[in-house]
Amino acid sequence: MKNIFRNLAKYWYFVILIFALLIVQAYCDLSLPDYTSALIDVGIANSGIEHAVPEHITPGGFKGVEAFLNETEKEDWSKAFTYDEDSGYYTLSSADYREELDSEFSKVIAIVYMMTSQQGSATAGMDLSSFGEMDMSAIDPTMMTAEQLAQFQAVQAVLSEMGVDITSPTLLLDIRGVFEEQLGTLGDSIITSMAKQFAREQYELCGVDMQKMQTDYLWSTGAKMLIMALIMASMAILIGYFASRTAAGVGRDLRHKVFTKVIGFSSAELDNFSTASLITRSTNDVQQIQIVTVMLLRMVLYAPILAVGGIINISRYNSGMSWIIVLAIGLVLCLIAVLFFVAMPKFRIMQTLVDKVNLVAREILTGIPVIRAFGREKHEEQRFDGANNDLTRVMLFTNRIMSVMMPTLMLIMNGVSVLIIWTAAGKIDAGVLEVGAMTAFITYSMLIIMSFLMITMISIMLPRAGVAADRIQEVLDTEMTIADKENAITDAPENASIRFDHVSFRYPDGGENVLTDIDFTAEPGKTTAVIGSTGCGKSTLVKLIPRFFDATEGTVSIGGNDVRDMSIDVLRAQIGYVPQKAVLFSGDINSNIAYGAPNATHDDIEEAARIAQALEFINEKDDGFNSAISQGGTNVSGGQKQRLSIARAIARKPRVYIFDDSFSALDFKTDTALRKALSEKTKDSTVIIVAQRVSTILNADQIIVLEDGKMIGKGTHRQLVEECEEYKQIAQSQLSEAEFAASIAVKEGE
């Protein structure tokens with residue numbers, strides 16, 4: 001997993017910016033349930049009254065609340081209001097600290113409301129101002145009317161049941177203490193709502209238009225919700241933009257790194273990774289990381305913020321239903337654990353199977369002519385179906401797991417909603433919870449569960465991306481066996497003589513040498529040929545010169561410099577290499593010939609084509625040198641591909657020419673003409689030719705004969721015929737008696 005996060009290090013500034021935007025989005029998202037609750041509990045249930053302490057209050061109400069306050073609170077209460085003689089009621093002197101006033105006086109106001117408004121209460125309907133004068137011990141029942149006496153006796157009985165001493169000098173404070181104990185069982189929202197009902201009564205007594213107050217509150221709250229929604233949308237757009245840009249940058253960087261790394265691989269490293277696997281790692285694996293990077297930035301960072309914010313907001317409601325959230329989170333975590341342990345092992349298998357499908361498809365598409373020639377279409381269809389079905393089974397398994405996840409999560413979410421409503425119904429009926437608070441609780445619960453849902457989704461995709469990241473990192477961490485030394489020679493050698501000094505070579509995983517004790521020198525102005533049976537190591541030998549491999553023992557040098565001590569760029573700049581299998585690139589003839597010499601002029605390209613005997617078939621094409629070459633050169637013949645490959649090497653004007661069996665697809669006439677024209681061009685260069693045909697190398701200045709990786713002969717054609725029985729047998733098998741005799745006679749004539 002660390003490899004995924006390592007890729008984001010370069011884009012730390014985008015990550016910080018996205019995190020800040022997510023905090024803003026989460027704040028807006030978490031504010032909406034509160035506004036919804038306020039619309040219901042304040043705007044509808046409490047007529048738009050936001051504060052427990054009323055802005056206007058009648059003298060009776062003012063004194064009634066004051067009667068239940070201690071000395072310090074009375075002082076604060078008096079400072080908060082100013083008496084308006086014109087209107088005849090008290091008005092808040094300042095609205096700057098109304099939250100503090102609500103916190104200090106809401107319980108007392110709720111107590112006053114409970115005592116004066118609840119039906120059946122002994123104090124119901126009592127004049128609020130009379131609380132300030134209440135002294136039960138000083139009341140003379142004999143002076144009361146029958147109605148007053150009945151009310152007095154009822155109050156006296158209630159106070160006795162409450163355990164309040166009616167003779168106490170702090171009677172009202174004692175009553176307040178009893179009621180505060182009762183209020184302690186209620187939530188803050190219920191207490192505040194009761195206080196607001198008291199405020200509503202006071203507003204009505206003061207002549208305030210309650211309908212206008214309610215309408216104004218609903219409009220203002222709705223406008224705030226709209227603004228929050230617009231901010232959320234803006235943040236989501238910005239987050240999506242920056243997350244996508246970051247992920248695209250990560251994908252671009254990874255593709256560049258992998259491609260650059262693979263380009264520098266020697267054949268030894270390429271043998272460790274199949275071509276299909278490298279293609280999958282550069283495309284499918286990078287895409288997996290890119291997708292998960294977007295999800296990491298948009299969801300994984302957002303989910304914890306949303307969950308923590310939702311839990312904090314839920315705790316403010318004191319609803320007693322937090323256990324439902326804990327239960328829901330526990331169920332979600334159990335689901336995540338099951339999915340993780342069941343699906344995780346399949347993702348690594350899936351990536352391997354994708355490699356296999358790509359490998360089989362690539363082999364089939366590349367080998368279509370051979371498949372058709374041998375009538376093996378059914379066999380290849382079955383082989384592809386086998387690889388495809390294996391991948392399909394694994395993908396179906398993981399998709400079924402994912403398909404089970406969503407309905408299960410929806411069941412949990414809906415079950416939580418039902419459980420909250422069922423639990424909250426009893427609390428609302430008991431008066432300990434408001435409808436708006438229940439609505440907000442449900443919304444926050446869904447937000448918390450949704451945040452865990454986001455984590456669940458990423459927990460499924462993250463392992464697969466982790467596998468992809470590890471596979472890519474495996475390529476990037478591969479140590480290249482062919483690389484420049486720290487103080488590599490950067491100057492071109494004075495001459496292009498090539499020396500094999502007792503060279504032996506075996507492949508990294510090979511147990512035996514492919515080449516053993518190869519010792520010869522190829523000099524400038526001369527042609528050195530290498531011949532031998534199939535698989536004797538001819539191509540491997542010439543690949544040691546441009547350092548496609550490094551010799552296991554001995555040294556290969558150019559101009560007296562060990563090729564391992566030279567800069568790879570300088571070394572390969574001296575060489576024009578024509579591989580055994582001609583390779584052309586999509587483009588046109590002109591770009592293919594100039595591939596190794598980007599600055600070559602048209603005359604240089606035309607001369608190279610003439611020497612390679614390619615000019616004739618190029619001129620026959622309608623567009624000449626601008627004729628298109630398809631991918632892999634499939635729209636030209638094998639001989640034409642070889643001639644264009646030879647022209648590409650000639651156009652580079654190298655000091656060393658290496659032809660690795662590059663004349664095999666040419667007819668004898670073209671072969672002869674090409675070698676004649678080439679000899680004039682390469683008279684100052686070192687030429688090494690790997691050949692199967694003796695006729696191609698008859699005139700070579702030096703012929704190296706290989707057998708089982710060992711040099712069994714070295715000399716001219718005539719010398720080898722006389723001294724090397726194996727070479728003589730090769731020559732006699734390929735040449736007629738007359739041609740064989742003539743080849744020796746020519747040599748003797750010289």
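One is the number of the first residue; the rest follow in order along the sequence.
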**Q** Scan residues 286-315 for pairs that pass ring pair (Phe, Tyr, Trp, His ring centres under 6.0 Å), counting only residues two or more places apart or in two chains.
**A**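 The answer is none; no pair qualifies.
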
**Q** If I take atom SG from residue Cys28 and atom CE from residue Met228, how far apart are they, to the nearest 0.5 angstrom?
**A** 5.0 Å

**Q** Taking all non-hydrogen atoms of both residues, which atom of Pro54 and which atom of Ile109 are closest, and how far apart?
**A**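 In terms of heavy atoms, the two residues are closest at CD-CD1, 4.4 Å.
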
**Q** Please, which pairs that meet side-chain hydrogen bond (donor to acceptor under 3.5 Å, both in side chains) have at least one residue in residues 408-421, sequence neighbours excluded?
**A**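 For residues 408-421, and leaving out neighbouring residues, there are no side-chain hydrogen bond (donor to acceptor under 3.5 Å, both in side chains) pairs at all.
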
**Q** What is the distance from atom CD1 of Ile420 to atom CE of Met438, rounded to the nearest 0.5 Å?
**A**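 Result: 9.0 Å between the selected atoms.
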
**Q** For a quick test of reading the model, state the closest non-hydrogen atom pair linking Val53 to Phe81 and the distance between them.
**A** CG1-CZ, 3.7 Å

**Q** Please say whether more than 12 non-hydrogen atoms of neighbouring residues, nucleotides or ligands are located less than 6.0 Å from CZ in Phe19.
**A** no

**Q** Please check if atom CH2 in Trp323 has more than 12 non-hydrogen atoms from other residues, nucleotides or ligands closer than 6.0 Å.
**A**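 Count over threshold, so yes.
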
**Q** How long is the gap from CZ on Arg98 to CD on Glu50, to the nearest 0.5 Å?
**A**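 Between atom CZ of Arg98 and atom CD of Glu50 there are 8.0 Å.
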
**Q** According to side-chain hydrogen bond (donor to acceptor under 3.5 Å, both in side chains), does anything in residues 203-216 pair up with another residue at least two apart or in another chain? List the pairs.
**A** Arg200-Glu204, Lys212-Asp216

**Q** Nearest heavy-atom pair of Ala26 and Ile305: which atoms, and what distance?
**A** CB-CG2, 3.4 Å

**Q** Show every donor-acceptor pair shorter than 3.5 Å between a side-chain atom in residues 235-255 and any protein atom, with sequence neighbours excluded, or say none if there are none.
**A**
residue: Tyr241; atom: OH; partner: Arg245; partner atom: NH1; Å: 3.1
residue: Ser244; atom: OG; partner: Gly240; partner atom: O; Å: 2.7
residue: Thr246; atom: OG1; partner: Phe242; partner atom: O; Å: 2.8
residue: Arg252; atom: NH2; partner: Tyr11; partner atom: OH; Å: 3.0
residue: Asp253; atom: OD2; partner: Lys10; partner atom: NZ; Å: 3.4
residue: Asp253; atom: OD2; partner: Tyr11; partner atom: OH; Å: 2.7

**Q** So, using side chain to side chain donor-acceptor pair (under 3.5 Å) as the criterion, who are the partners of Gln197 when residues are at least two apart?
**A**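 Scan of Gln197 (side chain to side chain donor-acceptor pair (under 3.5 Å), adjacent residues dropped) gives Asn46.
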
**Q** Quick one: list whatever passes salt bridge (charged side-chain N to carboxylate O under 4.0 Å, His left out) with Asp285, sequence neighbours left out.
**A** Arg471

**Q** Within a strict 4.5 Å, meaning less than it, do heavy atoms of the Glu73 and Phe68 side chains meet?
**A**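 SC-SC contact between Glu73 and Phe68 ruled out.
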
**Q** Nearest heavy-atom pair of Thr443 and Pro33: which atoms, and what distance?
**A**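 Looking at all heavy atoms of both residues, the closest pair is CG2-CG, 3.4 Å.
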
**Q** Under 3.5 Å, is there a donor-acceptor pair between the Asp41 and Ser37 side chains?
**A**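 Result is yes, a qualifying pair exists.
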
**Q** How close do Phe62 and Ser78 get, counting heavy atoms only, and between which atoms?
**A**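 Taking Phe62 first and Ser78 second, the nearest heavy atoms are CZ-CA, 4.2 Å.
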
**Q** Looking only at heavy atoms, which two atoms of Pro304 and Leu301 are closest? And how far apart?
**A** CD-O, 3.5 Å

**Q** In Å and rounded to the nearest 0.5 Å, what is the OG to CD1 distance from Ser193 to Ile49?
**A**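 Rounded to the nearest 0.5 Å, the OG-CD1 separation comes to 9.5 Å.
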
**Q** About how many Å separate CD of Glu55 and CD of Gln202, when rounded to the nearest 0.5 Å?
**A**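 Answer for the CD-CD pair, Gln202 versus Glu55, is 13.5 Å.
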
**Q** Under a 4.5 Å cut-off applied to non-hydrogen side-chain atoms, are Lys196 and His51 in contact?
**A**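 Side chain of Lys196 against side chain of His51, heavy atoms only: no contact under 4.5 Å found.
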
**Q** Distance check, rounded to the nearest 0.5 Å: Leu306 atom CG versus Ile23 atom CD1?
**A** 12.5 Å

**Q** Near Phe14 CZ, under 6.0 Å, is it more than 12 heavy atoms from other residues, nucleotides or ligands?
**A** yes

